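Here is the structure we will look at, set down as structure tokens.
Remember, predicted model here, so these are calculated numbers, not experimental data. Residue numbers begin at 1 in each chain, while the letters A, B, ... track the order of the sequences.
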Protein chains: 2
Amino acid sequence: MRIAELSRRTGVPVPTIKYYLREGVLPPGERTSPNQARYDDTHIHRLRLVRAMVEVGGMPLATVREILDQVDADDVQSDIDKLLGTVQRAVFSTVQPHADAERQTAKEAEIVDYLRNELGWHLPLNNPAIAALASVVVTAEDLGHARFVEFIYRYAPIIGEIGVVDLDYVATAQDLDFMLESVVVGTTLGDTAILALRRMAQTNESARRFPNIRHRTFD
Amino acid sequence: MRIAELSRRTGVPVPTIKYYLREGVLPPGERTSPNQARYDDTHIHRLRLVRAMVEVGGMPLATVREILDQVDADDVQSDIDKLLGTVQRAVFSTVQPHADAERQTAKEAEIVDYLRNELGWHLPLNNPAIAALASVVVTAEDLGHARFVEFIYRYAPIIGEIGVVDLDYVATAQDLDFMLESVVVGTTLGDTAILALRRMAQTNESARRFPNIRHRTFD
DNA sequence: GATAGTAGGTAGTGCCACTATCCATAATGC
DNA sequence: GCATTATGGATAGTGGCACTACCTACTATC
């Protein structure tokens, strides 16, 4: 198909598709002449994936490219672990560490200690999520929410079960390509889904605890 | 204190503080003369809260203002439920519904059905998180990830426990002001914390399942 | 052979979160 | 008292980002 049909079938404007081609998040079509190219179903799929990451996942295009480069790279095939690492780094690149580097480092050690010794988690110290979490906890302390970290410790074993489901999702993919995409989809769309579920769980728990209150209808 | 000290003690540049005053996310200081004002500790606290919401929570300033307006409004005092609703709407305002409105609506009904009948959750139909979740699921389907929704159903009871912890966090606040702030902090910082924990849980589960693989060190 | 579509390039737009500069006035240091 | 510095308030400018518009030379189609 040509670019107009690609646009029609995905709902993405032609200039935007051109922009994505320039930015390298969409591979070029097959050349048929110096200034003509042909696109196929893989382009439709990729375009939808990009839009999902941008619109639903709220990712900057540079991050999308970074992740998709890894998915496309041959050496990542059969290396889910590396892809997971790339996705993690890409997602947390925005969270900068706390200004007080010493407190930040101490908090990282404290958190890792707990997760390893109390929950038996296997965690490399340089996992970028650790720095992100420590930064959040220190920020909470600055706001006078010192008890926040205790609740983090209550969250941890619960989220541990989420990790099990996540790995199941990747493991049940039919083939390698789909498995790689499952990492990306499971993580990006999964994040949004989990936060939405959290809101509903809060609403539910609130209704359960205070059954007499006439609850908001979010009009 | 004057603006320079406020800047020094929070690390926020003076022009940025002025900008925040203009944008209404920081209340004006107490006037001492036509062009002089005095700030106090509440301003330091509010400034830190704004920065946390923007930097850690990744919220647009307009959303921050919307939420803080609710926190400041007198009629919200003792109405945690309304604040929860505001925070929810503010956070999910970015997730637009799927283009296919019919599928979107059908999926919303399907999801609510499950949560109510299988998990016994109390949920109003117009909770904005429902639309967000349905949109994510339909998007996943478009990408050929029809099985995604099954995993949502596996996530749900787990996240249900998160909701319990969340309400505990709010309930254990010492006073009403702190309770209101706990809703904001617990939600905005909590979101980031939960996603970070999810990454660690994935890493851990991956290491548990494939102990022989030499795992990445994210160098 | 007229009309519409295409690849590729450059420039412009709109939004957002600042950041810089200016001005009249006020506080401060000596 | 007076020079220096700081302040509130206003207006304009910046840089990043995701597009969007426009142009040109060429190609496909009727």
Atom [atom1] of [X] and atom [atom2] of [N]: how far apart are they, to the nearest Å?
| X | N | atom1 | atom2 | value |
| --- | --- | --- | --- | --- |
| Met53(B) | dC16(C) | CE | P | 16 Å |
| Glu23(A) | dA7(C) | CD | P | 17 Å |
| Leu21(B) | dG8(D) | CG | P | 8 Å |
| Ile3(B) | dT5(D) | CD1 | C1' | 15 Å |
| Ile17(B) | dT19(C) | CD1 | P | 12 Å |
| Arg8(A) | dG5(C) | CZ | P | 13 Å |

Inset, instruction - State, with a plain yes or no, whether a side-chain heavy atom of Arg48(A) is found less than 4.5 Å away from one of His45(A). - result: no
Inset, instruction - State which residues pass side chain to side chain contact (heavy atoms under 4.5 Å, CB included) with Pro60(B); sequence neighbours excluded, sorted by chain then number. - result: Thr63(B)
Inset, instruction - Output all residues satisfying side chain to side chain contact (heavy atoms under 4.5 Å, CB included) with Ile158(A), sequence neighbours left out; order by chain, then residue number. - result: Ile158(B), Glu161(B), Ile162(B), Val165(B)
Show the distances under 3.5 angstrom between N or O atoms of the protein and N or O atoms of nucleotides 23-29 of chain C.
from	atom 1	to	atom 2	distance (Å)
dT25(C)	O2	Asn35(B)	ND2	3.3
dA27(C)	O3'	Arg2(B)	NH1	3.0

Inset, instruction - Flag the pair Arg46(A) and Asp40(A) as a salt bridge only when some basic side-chain nitrogen lies within less than 4.0 angstrom of an acidic carboxylate oxygen. - result: no
Legend entry - Residues touching DNA chain C, which here means a heavy atom under 4.0 Å, drawn from residues 38-50 of chain B: none
Legend entry - Short side-chain N/O contact from Arg65(B) to OP1 or OP2 of dC16(C), under 4.0 Å: no
Under the side chain to side chain donor-acceptor pair (under 3.5 Å) test, which residues partner [X], sequence neighbours left out?
| X | result |
| --- | --- |
| Tyr114(A) | none |
| Thr172(A) | Arg147(B) |
| Thr188(B) | none |

Inset, instruction - Could you check which of dG8(C), dT20(D), dG5(C) has an atom nearest any side-chain atom of Lys18(A)? - result: dG8(C)
Inset, instruction - With the side chain of Thr16(B) defined as its heavy atoms from C-beta on, choose the nearest nucleotide among dT19(C), dC19(D), dG8(C). - result: dT19(C)
Inset, instruction - Please check if any side-chain donor atom of Gln70(A) sits under 3.5 Å from a side-chain acceptor atom of Glu66(A), or the reverse. - result: no
Inset, instruction - Would you check if there is a donor-acceptor pair between the side chains of Gln88(B) and Thr203(A) at a distance under 3.5 Å? - result: yes
Legend entry - Intermediate values then yes/no, side chain to side chain contact (heavy atoms under 4.5 Å, CB included), Thr10(B) and Arg51(B): CA-CA 10 Å; Thr10(B) 57; Arg51(B) 296 243 78 160; over 6 Å; no
Legend entry - Pairs touching residues 18-41 of chain A that satisfy ring pair (Phe, Tyr, Trp, His ring centres under 6.0 Å), sequence neighbours left out: Tyr39(A)-His43(A)
Legend entry - Residue pairs fulfilling ring pair (Phe, Tyr, Trp, His ring centres under 6.0 Å) with at least one residue in residues 172-204 of chain A, sequence neighbours excluded: Phe178(A)-His145(B)
Inset, instruction - Examine distances only and state if a side-chain atom of Ser7(B) and a backbone atom of Ile3(B) form a donor-acceptor pair shorter than 3.5 Å. - result: no
For nucleotides 12-18 of chain D, give me every protein contact, N/O to N/O, under 3.5 Å, one pair per line with atom names.
from	atom 1	to	atom 2	distance (Å)
dA18(D)	OP1	Leu61(A)	N	2.9

Legend entry - All stems with DNA chain D, defined as three or more consecutive Watson-Crick or G-U pairs under 3.5 Å: C:1-30 with D:1-30
Inset, instruction - Quick one: list whatever passes ring pair (Phe, Tyr, Trp, His ring centres under 6.0 Å) with Phe151(A), sequence neighbours left out. - result: Tyr169(B)
